[in-house]
Amino acid sequence: MPDFLTGNMAGTALVIAGGMTALYLARAPMRGVLTDTSSALGSGLRFASRSLLSLRKRLVDRNREVLLSAGREAAARMVEREYERFSDKVHRDLGDYPALHQSLAERAGQLDEDYAKSASQPPEPPGWAEAVEAVAQVPGTSEGVRSQVLESIHSSFKKAGEEAGRAYREDSRQRHKHLHDMAPHWRESVKLLGQVKTRMESLQARAASVDEQMTRFESIHQDTDEAAIKLQSSALVQFFTAGLVLLIAAGGAVVNFHLIARPMSEMVGGNTYIGTFKTADIAALVIILVELSMGLFLMECLRITSLFPVVASLADKTRQRLAIVSFALLLSLASVEAGLAYMRELLLQDELATAAVLRGEASQGAAFLWITTAAQMGMGFILPFALTFVAIPLETFIHSMRAVLGWSASGVLMVTAFTFRVAARLFEEAGKVAVQLYDVAIFAPLWIEGRVKALRGDDLEVVGARRVLKDAESRLKGPAAEAA
Amino acid sequence: MRKLILGLTAAASAVLAGCGQPPNRSTGVYMLIDTSGTYTKEIQEAQAIINVILATLEPSDAFAVARVDTASFSEKDIVAKMQFDDRPSVANQQKRQFKEDIDSFVGGVAPSSHTDITGGVLQASEFLMEKGSGRKVIFIFSDLQEDLPEGYVRDLPLDLRGVTVVALNVTKLRTDNIDPRLYQGRIEDWRTRVEAGGGTFRVINDLDGLALPF
């Protein structure tokens, strides 16, 4: 820029005036550019926001479908399992019911028989009274003969009475004996009935459990919101629980790694590297990963988990063979680990002895060294089997992760859509502000324009309080003019 | 089982090998011990340092100890040298054997009439280059005062690319006490020579809690 323009006040004023004039002349197109740009950006962002919300809705629906589908599958499996348990229970508890019934019937028969035997036999009514009366009424009989006959009858009566008493006592003794024999049958019957009661109560509890699972299954099958919310909550809990268990398992794997990494250097070299990692460390890691794989296959073959459909679809015989092979490999690797753990202790002692020699000291053997050696060997053998059970939380983690990732993606989409919407509004408002600022920058030409229009009497756009006054004036004049 | 493990490791290695040639992480250490004149009295300190180095070295590392005498550019001056096995147990046995060799040397060391440090450094450089170790370290246990016999030529450039030269226990001579610039000049002279040869130079005089450069 020439110095005469910037070197003094007049020049500066000239530059400002020229700039303002240029901006004033470009006002209309610039307003259009600013308004259109902000409007276009705002519209674009609103469109993006709407698209994201639509995508989120589809994702949420899809998540719900997947969740309900998984829930249906799990609930069906649970119902099936409950029915299996119920069936087992019925077979176990009521399988011997005919024998129990037979036993109860026998006891009842015995009781009935004993009861019948214990019935009282009344003594036969004596016939001697009529005989004595008849003898006493025989006419023409001397007192002596009559007395003799009666004496004879009396002695016979007495004798018969004694015999009847003896017979009655014997009968009573027999009845008491039968009643006594009934007691064990009663006790046995009560015991059997108690067993029946216990089994029936147990069956009722199991039936209630089946009912509960069935209700849950029906609720999920009807795709109710309540079921979906429950499944969401359940998936979230499962995700974190399984994650926690996996973290613990990872800790076990790290311990396992340190048990075998050091002795592994005896096999693959102590100072060789693959990339930035020691070969011995990688070898130890590979062993642990192979153990984990074997554990997964074992769990799949035992149908405890169902991560690999191929394994589940294998024939039972093939699956059993695969399970045996997996277990054999796992056992071999666990044995290797126990050996490596033993070697680790030997190496450690050797290194300590060497260090002692280099320090000029005599190496000292620890008295209870066998305890740490045995503990290391035990851990080396047990940890591979313990890590096998990682398959269960891993499966839960993977299944629940699908739902959790879906929710996370949904949340991200929602936040992004909201951000876009806010940004759209900001751009639109920014466009308006930019137009206003543009007018502020060219306030002088605008003011001149206003004055010129006022002098010409052109339709000057009135604003603010003047517009209110003008509107009121026209309203007041309106009815009077119409009346005239 | 070892074959199985090696096979599995090889499979993992094949995957990781795509990342390129792994760097050589072995260490080669060559220690020169000055046996001239009164410095022979310091040999017990050198023995202790050797033991520290032995304890620090790992399998596959290389270690050699040589004396600095009248003419040191010779394999005959190597007291003990060992390329440790990659198996830790074998490496431990080798370390014990190495210590025994050093002990027997220390017991029968005789003072030399001259001090050919440059010849020893040349020999050390040759040894380390042959071993091809990833890290190369030369320890010079000496007062760095060279005293060559007549006719020996040692004014030649040193090839010490990638080599760290550590001067240990650089004792002050009587003349150094009179003029410390002699001591400083001796150290600076060696620093210049080593750095001109592509190596790095350090001085460690405090042997308590010695921090090894590997």
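Labels below follow one simple rule: chain letters A, B, ... track the order of the sequence lines, proteins then strands, and each chain is numbered from 1. Values below: all heavy atoms of this structure, side chains included; hydrogens, waters and symmetry mates excluded.
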What pairs with A/Lys278 under side-chain hydrogen bond (donor to acceptor under 3.5 Å, both in side chains), at least two apart in sequence or on another chain? none

Enclosure of A/Arg402 CZ (heavy-atom neighbours >12, cutoff 6.0 Å): yes

Those residues of residues 57-77 of chain B, ordered by number, that approach chain A below 4.5 Å (heavy atom to heavy atom): B/Glu58, B/Pro59, B/Ser60, B/Asp61

Side chain proximity check, B/Asn92 to A/Glu351, heavy atoms < 4.5 angstrom: yes

Heavy-atom closest pair, residues A/Leu347 and B/Pro88: CD2-CB, 4.3 Å

Atom CG in B/Asp86, atom CD in A/Glu266: separation rounded to 0.5 Å? 8.5 Å

In terms of heavy-atom pairs under 4.5 Å with chain A, which of B/Ala48, B/Ala55, B/Ser89, B/Ala91 leads? B/Ser89

Rounded to the nearest 0.5 angstrom, the OG1-CG distance for A/Thr354 and B/Leu54 is 10.0 Å

With a cut-off of 6.0 Å (strictly less than), are more than 12 heavy atoms of other residues, nucleotides or ligands near CZ of A/Arg81? yes

Neighbours of chain A found in residues 109-128 of chain B - heavy atoms under 4.5 Å: none

If you tally heavy-atom pairs under 4.5 Å against chain B, which of A/Pro263, A/Ala280, A/Gly269, A/Gly339 wins? A/Gly269

For B/Arg96, is there an ion pair with A/Asp350 - N to carboxylate O distance below 4.0 angstrom? yes

A/Leu289: what forms a side-chain contact (heavy atoms from CB on, under 4.5 Å) with it, not counting sequence neighbours? A/Leu285, A/Leu292

Should we say atom CZ of A/Phe389 is surrounded by more than 12 heavy atoms from elsewhere, each under 6.0 Å from it? no

Look at B/Gln93, B/Arg25, B/Lys99, B/Gln47 and state which one has the largest set of heavy-atom pairs under 4.5 Å with chain A. B/Arg25

